[in-house]
Amino acid sequence: MTWLLDQPLTWLFATLLAYRGGCWLRDRTGRHPLAQPVLVAVLVLGALLLLTGTDLDVFDDGTAAISFLLGPATVALAVPLHRQLHRLRGYAVPLVTSIVVGSVVSMTSAWGLVTLLGGSERLAWTMTPKATTAAVSIPLSETVGGVPALTAALTILAGILGAVAGPTVLTWLRVRDARARGLAVGAASHGIGTARVLGDDEVTGAFSGLSMGLTAVATSLLLPVLALVLGGGA
C-alpha cells in the first residue's frame, strides 16, 4: 500500500477522480454554490494527503501534467469570448475603467485591511495580488516582498470563495447584466470563478475570462506603482 501511495500516477488518478466526484456532487445537488468541484477536490485531496502522510513532492510530480494543461485551458477561455465579441460594442470604456478601478480597490483594500488589523508589512504585500491568477500573483508577490507560497494559497482561496459566493452576492445586489456579472467574477476570483460561471451562462463566462486576463495585466502594471508609493518591494 505504501508503495502505491508513493507513485506519482496514483495522485494523478486521485486528482481526476476527486474533481469528477465534485462534478457529480454539483449536479446531484442542483448546482448548489457549496458543491464546487474545485472545493470538493481540494478538501478530498487535502484529507488524503494528511491521512496518508504523502510527501507533497510526490503529489506535485503526479499532477504535473494537469498543471501543464492549465496554460492551454486558460488560453481556451478566449473561445467563448470570441463568440461574444459583438457584445463589446460600446462597452470598451466602461470595461477598462471598471477593471482599473477594481484592481486598485482590490490591492489597496487587501493591503489596508492587513495593516489595519496589525499584520506585518510582508503579510500585507503577500495578500495584495490575491485577485489575479496564481501564475501572476506568485511572481508579483515575490517582486514586492511578499511570501509567494502563501500568496498562492490566498489566490486559490479567493478563487474558491468567489466561485462559491460570487454569483449569489451579485444576485442579492441585483446585478443582472451578464457582462457586468462576468467582469465582477473574473476580477475577484480569476480562473476558478470563471469556470463556475461559464457553466451557468456563456456570456457571463466569456466576460469573466476577459476580466481575469485584463485584471492580471492591470495588477501587474499597477502593483509596482503602489509598492513605490507605499514603500514596498523586496
Rounded to the nearest 0.5 Å, the CH2 atom of W111 sits from the OG1 atom of T126 at a distance of 13.0 Å
Mind checking whether L222 and V100 have side chains closer than 4.5 Å, heavy atoms only? yes
Could you pull out the closest heavy-atom pair between V40 and A18, with the gap in Å? CG1-O, 4.3 Å
Beyond-backbone contact of V42 with V38, side-chain heavy atoms, under 4.5 angstrom: yes
T204 OG1 to L170 CG distance, which is reported to the nearest 0.5 Å: 9.5 Å
Could you state the interatomic distance from CG (L49) to CG (L56), rounded to the nearest 0.5 Å? 6.0 Å
Can you confirm whether L34 sits close enough to T29 that some side-chain heavy atom of one is under 4.5 Å from a side-chain heavy atom of the other? no
Identify the heavy atoms of I99 and S211 that sit nearest to each other, and give their distance. CD1-OG, 3.4 Å
Supply the atom-to-atom distance Y19 OH to Q36 CD, rounded to the nearest 0.5 angstrom. 9.0 Å
So, taking the atom named CG in D201 and the one named CZ in F207, what distance separates them when rounded to the nearest 0.5 Å? 10.5 Å
Give a yes or no on whether V96 and L183 share a hydrophobic cluster (residues Ile, Leu, Val, Met, Phe, Trp, Tyr; joining criterion: side-chain heavy atoms under 4.5 Å apart). yes
When you look at D200 and R31, which way does the salt bridge (charged side-chain N to carboxylate O under 4.0 Å, His left out) test go after all the steps? CA-CA 9 Å; D200 297 337; R31 304 186 74 86; 3.1 Å; yes
Contact between L223 and M107 at the side-chain level, heavy atoms closer than 4.5 Å - yes or no? yes
Under 4.5 Å between side-chain heavy atoms, hopping through other hydrophobics if needed: is there a path connecting V203 to L210? yes
Return the orientation label for the W11 and F59 ring planes: parallel under 30°, perpendicular over 60°, tilted otherwise. perpendicular
Member of S208, P167, P37 meeting the side-chain contact (heavy atoms from CB on, under 4.5 Å) criterion with R196: P167
Testing the basics here: between P148 and E142, what is the closest heavy-atom pair and its distance to 0.1 Å? CG-CB, 3.8 Å
Main-chain N/O of L123 paired with S120 side-chain donor or acceptor, under 3.5 Å: yes
Can you confirm whether T219 sits close enough to V136 that some side-chain heavy atom of one is under 4.5 Å from a side-chain heavy atom of the other? no
Check whether V175 and V169 end up in the same hydrophobic cluster, where Ile, Leu, Val, Met, Phe, Trp and Tyr are linked by side-chain heavy atoms less than 4.5 Å apart. yes
Return the minimal non-hydrogen interatomic distance between A227 and W125, and the atom names on each side. CA-CH2, 3.4 Å
Test item: S220 and L140 side chains (from C-beta on) under 4.5 Å apart, heavy atoms: yes
Exercise: do T155 and S137 side chains pair donor with acceptor under 3.5 Å: yes
Looking only at heavy atoms, which two atoms of A110 and M127 are closest? And how far apart? CB-CG, 3.7 Å
Note: T194 and G209 closest approach over all heavy atoms is CG2-N, 3.7 Å
To the nearest 0.5 Å, what is the distance between OG1 on T151 and CG on L157? 12.5 Å
Verify same cluster id: I138, V144 (apolar side-chain graph, 4.5 Å): no
Side chains of K130 and S106: closer than 4.5 Å at any heavy-atom pair? yes
Using the rule that two of Ile, Leu, Val, Met, Phe, Trp, Tyr join whenever any of their side-chain heavy atoms come within less than 4.5 Å, decide whether I66 and F13 are in one cluster. yes
